[in-house]
Amino acid sequence: MVDLANIDVATSIWSDTSDYQTQQHAHRDHAMILLPMAGTMTINDEVMGTRRLIEPSYFYYVEAGLSHNTRANRSRQEHIAVYVNSEWQDFLKSTHRDNFSQHKRSGIWNLSKTGVGLARILARKQYETEPDPLNHSNRLVLLLAEDCLMKVQMSEPQLLGHPDEHGTVLVREAIDRIRANLANPLSLEQIAGELEISRRQFTRLFRKRTGRSFAEFVRAERYREAARLLRDTGWSIQQIAFQVGIDNSANFATGFQREIGDTPSSYRAKSALARQQN
């Protein structure tokens with residue numbers, strides 16, 4: 001758990017740990033703004049009363065004292081958590097008296113364009129090794145926190161978790177997992193289990209949003225990636241076949257021609273010729 005005892009105004013915590021998850025808890029004196037930067041997260045809180053998905057370009061806000069827990073939906077994730085001192089929040093409320101609500105709030109909002117830009121800059125600065133004598137990062141955190149707080153107070157939460165949006169996010173998450181595991185493909189059952197939905201529901205959602213069955217989509221992604229590798233690398237055709245999870249070169253060549261409309265060798269030669277002409 002994060003130690004918030006010494007936070008003066010606002011601070012950010014960066015996390016790219018694997019299998020991120022917290023227990024149900026509340027922050028006594030600090031509001032939290034959670035911003036996924038890579039991968040989706042699941043939110044549970046006592047105000048919303050249901051599980052909600054949050055993805056990049058959105059943020060989750062929860063005021064001090066409200067119970068919540070969060071977890072990443074896949075092992076690879078990156079997020080920023082901004083903790084806001086209640087005294088500074090009270091100052092903002094007095095400064096923007098007409099806009100700030102007096103009751104406790106939590107929910108999910110979409111980031112403004114300014115917020116998206118600030119979050120991306122702040123994320124990049126996490127990897128800087130040079131000192132920051134002018135406290136640029138702290139200023140970014142304050143600007144980001146104020147932008148998010150104004151959004152919270154001046155608009156209603158997004159209805160992420162509505163079945164249509166929920167399904168869209170789940171399918172995007174499934175596609176990310178398919179593309180990340182082409183060499184050792186995950187089964188439909190594995191992905192459905194990781195997303196905590198039934199096989200039947202996942203199959204229906206996937207076809208509805210992609211227009212293809214799970215198997216058809218995986219096959220198309222394998223050969224799409226194979227075509228990229230043929231264009232951009234000098235790997236042998238056998239190496240490329242293994243890289244996309246096909247251990248038989250003859251099967252790979254047959255499938256590639258059926259999906260792409262050309263043999264692997266001919267596709268590579270035509271791609272090289274096109275580069276020379278350009």
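In what follows, residues are counted from 1 in the order of the sequence shown.
Taken together through direct or relayed side-chain contacts under 4.5 Å among Ile, Leu, Val, Met, Phe, Trp and Tyr, I246 and F242 form parts of separate hydrophobic clusters. By the rule that hydrophobic residues join a cluster once side-chain heavy atoms approach within less than 4.5 Å of another member, V116 and V141 end up as members of one cluster. Note: the hydrophobic cluster containing I108 also contains Y83 (ILVMFWY, side chain heavy atoms under 4.5 Å, direct or indirect links). Residues L182 and F256 are members of separate hydrophobic clusters, defined by side-chain heavy-atom contacts under 4.5 angstrom among Ile, Leu, Val, Met, Phe, Trp and Tyr. L205 and I191 end up in the same hydrophobic cluster when Ile, Leu, Val, Met, Phe, Trp and Tyr side chains are linked at under 4.5 Å.
A donor-acceptor contact shorter than 3.5 Å links the side chain of T22 to the backbone of T70. At least one donor-acceptor pair under 3.5 Å links the side chain of Q239 to the backbone N or O of S236. A donor-acceptor pair under 3.5 Å links the side-chain atoms of Q190 to the main chain of S187, judged by distance alone. Side-chain N or O atoms of S266 include none that pairs as donor or acceptor with a backbone N or O of D262 at under 3.5 Å. In this structure, R222 contributes its side chain and V244 its backbone to a donor-acceptor pair below 3.5 Å.
Inter-residue side-chain proximity for I237 and L230 is flagged as met; some heavy-atom pair is nearer than 4.5 Å. Taking the side chain as every heavy atom from C-beta outward, R268 and T233 approach each other to under 4.5 Å. Residues I175 and E221 fail the side-chain proximity criterion, which asks for heavy atoms closer than 4.5 Å. The closest side-chain heavy-atom distance from M37 to I80 is below 4.5 Å. In this structure the side chain of L195 reaches within 4.5 angstrom of the side chain of E173, judged on heavy atoms. At least one side-chain heavy atom of H79 sits less than 4.5 Å from a side-chain heavy atom of L34. Put simply, the side chain of D247 does not reach to within 4.5 Å of the side chain of F252, judged on heavy atoms. Considering only heavy atoms from C-beta on, Q21 stays 4.5 Å or farther from M41 through its side chain.
Here the closest heavy-atom approach between residue V84 and residue A145 is recorded as CG2-CB, 4.1 Å. The two residues G39 and P56 come nearest to each other via the heavy atoms O-CD, 3.6 Å. Nearest heavy-atom pair across L144 and G115 is CD1-O, 3.6 Å. Nearest heavy atoms, Y58 versus P36: O-CD, 3.5 Å. Taking both residues in full, the closest heavy atoms of R207 and S213 are given as NH2-CB, 3.2 Å, listed atom of the first, atom of the second, then distance. Looking at every heavy atom in both residues, S155 comes nearest to W109 through O-NE1, 3.0 Å.
Environment of CG in N184: sparse, with no more than 12 heavy atoms of neighbouring residues, nucleotides or ligands closer than 6.0 Å. In R120, the CZ atom is not crowded: 12 or fewer heavy atoms of neighbouring residues, nucleotides or ligands sit closer than 6.0 Å. Within a 6.0 Å radius of CZ in R275, other residues, nucleotides and ligands contribute more than 12 heavy atoms.
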Exercise for the section: Evaluate the criterion side-chain hydrogen bond (donor to acceptor under 3.5 Å, both in side chains) for residue pair E63 and Y61; output intermediate values, then yes/no. Expected result: CA-CA 7 Å; E63 286 203 353; Y61 169 79; 3.1 Å; yes
Handout entry: Derivation of the side-chain contact (heavy atoms from CB on, under 4.5 Å) call for H27 and L66
Key = CA-CA 7 Å; H27 307 294; L66 297 181; over 6 Å; no
Problem - Working for side-chain contact (heavy atoms from CB on, under 4.5 Å), residues F202 and E189 - result: CA-CA 9 Å; F202 176 70; E189 288 77 9; over 6 Å; no
Exercise for the section: Would you please test I178 and L186 for side-chain contact (heavy atoms from CB on, under 4.5 Å) and show each step? Expected result: CA-CA 7 Å; I178 290 168; L186 300 173; over 6 Å; no
Handout entry: Chi angles and distances behind the side-chain hydrogen bond (donor to acceptor under 3.5 Å, both in side chains) call for R258, Y223
Key = CA-CA 10 Å; R258 183 172 56 245; Y223 291 112; 5.4 Å; no
Exercise for the section: Apply side-chain hydrogen bond (donor to acceptor under 3.5 Å, both in side chains) to S112 and D147, showing your working. Expected result: CA-CA 8 Å; S112 68; D147 189 74; 2.5 Å; yes
Handout entry: Working for side-chain hydrogen bond (donor to acceptor under 3.5 Å, both in side chains), residues S67 and Q24
Key = CA-CA 6 Å; S67 180; Q24 195 77 9; 2.9 Å; yes
Practice task
Mind running side-chain contact (heavy atoms from CB on, under 4.5 Å) on F59 and N110 for me, showing each step along the way?
Solution key: CA-CA 6 Å; F59 69 91; N110 63 311; over 6 Å; no
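Taking CG of L118 as the reference point, atom NZ of K113 lies at 14.5 Å (rounded to 0.5 Å). How far OG1 of T114 is from CG of L111: 10.0 Å, rounded to the nearest 0.5 Å. Taken from CZ in F217 to OG1 in T210, the straight-line distance is 6.5 Å, to the nearest 0.5 Å. With rounding to the nearest 0.5 angstrom, the CE atom of M32 is 9.5 Å from the CG atom of L35. Here CD of Q23 is found 12.0 Å from CZ of R71. Values are rounded to the nearest 0.5 Å. From Q257, atom CD reaches atom OH of Y267 across 14.0 Å, with rounding to the nearest 0.5 Å.
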